[in-house]
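Down below is the structure, laid out as structure tokens.
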Amino acid sequence: MNLKSPFILIVVCLFSLICLIDCHKRCDTCNQYSWEKVKQKGSIPPLAWDGSSAYDERNELFYVFGGLNGSYPNDEPINAFYVFNVRTSSWTNLMAPSSITPRAETMMFLDKRGDYVYLSGGRGPFRRGINIVYNATQRYDVRNKIWTELNQTPFQQNLANRSVEAETVSKTGKAYAFSGSTSTLPAFIRVPGSLKTDTIVFDSVNGWKEVVVVGPSPTPRAHHHLHYNEELNSIFTYGGYTNCSTYTTNECNYLGDLWSLDLSTNVWSQHIFDVTKGPGNRDNAKFIYADQTQLFLIGGSNYQYINFMDVWRFDLITNQWMQLTILPLIDQDTGLQTPIPSTIGSFYFKRITKCSVDFYFSRGSLSEVAGSPLVSDMYKLTIPI
């Protein structure tokens, strides 16, 4: 009698059972909207908010740069440059040279292959009574660890002179930006020309150029997010901060509209919905994910300086919003529920898995008002798709 055959059969059965149990655990996790606190290792970046970030999907590397190291009046810009390896949950200090000017709200983006990290524009702190803005565009060579300032025409310098986020299109490697601010003067949105009105695009060969948009564009704004929807080949934006009155903190200064730019036609289109049943007027809201039928939005702040960490789903077919219920974060050591800090100016990225989207954010400020504390932790929100 061959005793090996029954033994091998038992081993195979046990292995299959373990795989089945593991599979069910993964499916259960993927089917839940849930929070998780990420344990960070390595050289963790200093406290900051209103910095810039970009994610290399191919290599699972998350780059962060700059920001402000505190709240007013102790909010000095920094030029800290770090990378987070998602696979190891570890930070590395890339140590930007002194030639890289400390600044906040810089356009930061990657090329298609993740070989280069770009920084463009940005600003200094507000409430100094002077205009501190930048128009340089610099490139970091990931392999050789070398910074280079790119040559730009005066027209391109003018295009780069803005504080806003830029979004990389995965199909082409080009980066797009819309509107943004060009001033740090008091009540900057009322300063003539302080809000850009154009849509611009960057490619590694030609640098910045203006996009010739067909038809009307969204209201000029600052503190808004752009998100590329690969399935629709479109750039989405929601809300932001604009000029609408003699005040700077009126409700109408905060937008609650949703637009998308079709990159095949260069046409901006507004998505009309019942504003009483949506996220409302806010700036600094972030997109989590979008496909042909839906998109997800998180966070932001309103005219009363109230921050949010709510999550919304928008149905692109019915044009309806729905607020999602997220499982609370449970402290692994105490077993107690732990509130998620409602931060603004955080560094963030999304990571798509087989059955979900993981939205990470780290650091940021608990408020824009003076004396607000900064946050050092990193969190992950899982959205099933």
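Thr343 meets the side-chain hydrogen bond (donor to acceptor under 3.5 Å, both in side chains) test with Ser346; sequence neighbours excluded. For Trp49, there are no ring pair (Phe, Tyr, Trp, His ring centres under 6.0 Å) partners at least two apart in sequence or on another chain. Taking Asp262 as the reference, Ser264 meet the side-chain hydrogen bond (donor to acceptor under 3.5 Å, both in side chains) condition, with sequence neighbours excluded. Legend: residues meeting side-chain hydrogen bond (donor to acceptor under 3.5 Å, both in side chains) with Asp310, ordered by chain and number and at least two apart, are Arg282, Trp312.
Panel note: side chain Asn250, backbone Asn253; no donor-acceptor pair is recorded below 3.5 Å. Side-chain atoms of Thr168 never come within 3.5 Å of backbone atoms of Ser170 as a donor-acceptor pair (strictly under, hydrogens ignored). Side-chain atoms of Arg103 come within 3.5 Å of backbone atoms of Gly121 as a donor-acceptor pair (strictly under, hydrogens ignored). Under a 3.5 Å cut-off, the side chain of Ser71 and the backbone N or O of Ser372 do form a donor-acceptor pair. A donor-acceptor pair under 3.5 Å links the side-chain atoms of Thr184 to the main chain of Ile130, judged by distance alone. A donor-acceptor pair is defined here as one N or O able to donate and one able to accept, closer than 3.5 Å; no such pair exists between the side chain of Asp331 and the backbone of Leu336.
The environment of CD in Glu231 is crowded: more than 12 heavy-atom neighbours from other residues, nucleotides or ligands sit within 6.0 Å. Atom CG of Asn144 has more than 12 neighbouring heavy atoms from other residues, nucleotides or ligands inside a 6.0 Å radius. The environment of Lys171 atom NZ is dense: over 12 non-hydrogen atoms of other residues, nucleotides or ligands sit within 6.0 angstrom. Other residues, nucleotides and ligands place no more than 12 heavy atoms under 6.0 Å from the CZ atom of Arg143.
Checking each of Tyr228, Tyr55, Phe202 against Phe109 for a ring pair (Phe, Tyr, Trp, His ring centres under 6.0 Å) leaves exactly one that passes, namely Phe202.
Val169 is connected to Leu261 through a chain of hydrophobic side-chain contacts under 4.5 Å among Ile, Leu, Val, Met, Phe, Trp and Tyr, so both are in one cluster.
Between the side chains of Ser99 and Trp147, not a single donor N or O lies within less than 3.5 Å of an accepting N or O. Side-chain contact check for Asp283 and Ser301: at least one donor-acceptor pair (N or O, by modelled atom type) lies under 3.5 Å. For the residue pair Gln152/Thr137, the side-chain donor-acceptor check at 3.5 Å is satisfied.
Aromatic ring orientation, Phe296 versus Tyr33: tilted (interplanar angle from 30° to 60°). Classified by interplanar angle (parallel below 30°, tilted 30° to 60°, perpendicular above 60°), the ring pair Tyr241/Tyr254 is tilted. The aromatic rings of Phe126 and His223 sit perpendicular to each other, their planes meeting at more than 60°, with 30° as the lower class boundary. Using a 30° and 60° split on the angle between ring planes, His227 and Phe287 fall in the tilted class, from 30° to 60°.
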Practice task
Please test Val213 against Asp198 for side chain to side chain contact (heavy atoms under 4.5 Å, CB included), starting from the C-alpha separation and ending with a verdict.
Solution key: CA-CA 9 Å; Val213 173; Asp198 54 359; over 6 Å; no
Exercise for the section: Please test Arg351 against Asp358 for side chain to side chain contact (heavy atoms under 4.5 Å, CB included), starting from the C-alpha separation and ending with a verdict. Expected result: CA-CA 5 Å; Arg351 176 174 176 262; Asp358 293 332; 3.7 Å; yes
Problem - Working for side chain to side chain contact (heavy atoms under 4.5 Å, CB included), residues Lys196 and Thr182 - result: CA-CA 7 Å; Lys196 295 279 191 175; Thr182 63; 3.3 Å; yes
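A salt bridge links Asp75 and Arg128; the closest N-O separation between the charged side-chain nitrogens and carboxylate oxygens is under 4.0 Å. Using a cut-off of 4.0 Å between Lys/Arg side-chain N and Asp/Glu carboxylate O, Arg123 and Asp50 are scored as salt-bridged. A salt bridge does not link Lys174 to Asp203: none of the charged side-chain nitrogens sits closer than 4.0 Å to a carboxylate oxygen.
The shortest non-hydrogen separation linking Lys41 to Thr88 is CE-O, 2.9 Å.
Put simply, the side chain of Ser204 reaches to within 4.5 Å of the side chain of Tyr118, judged on heavy atoms. For the pair Tyr63/Leu119, no side-chain contact is recorded, criterion being any heavy-atom separation below 4.5 Å from C-beta on. Side chains of His271 and Phe236 form a contact here, defined as non-hydrogen atoms less than 4.5 Å apart.
For Phe81 and Tyr140, the distance between ring centers is under 6.0 angstrom. Between Trp259 and Phe178, the ring center distance fails the sub-6.0 Å criterion.
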Which atom pairs, one a donor and one an acceptor, fall under 3.5 Å between side chains of residues 317-325 and the rest of the protein, sequence neighbours left out?
none

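Applying the ring-ring contact (aromatic ring centres under 6.0 Å, His included) rule to pairs touching residues 83-108 yields Phe84-Trp91, sequence neighbours excluded.
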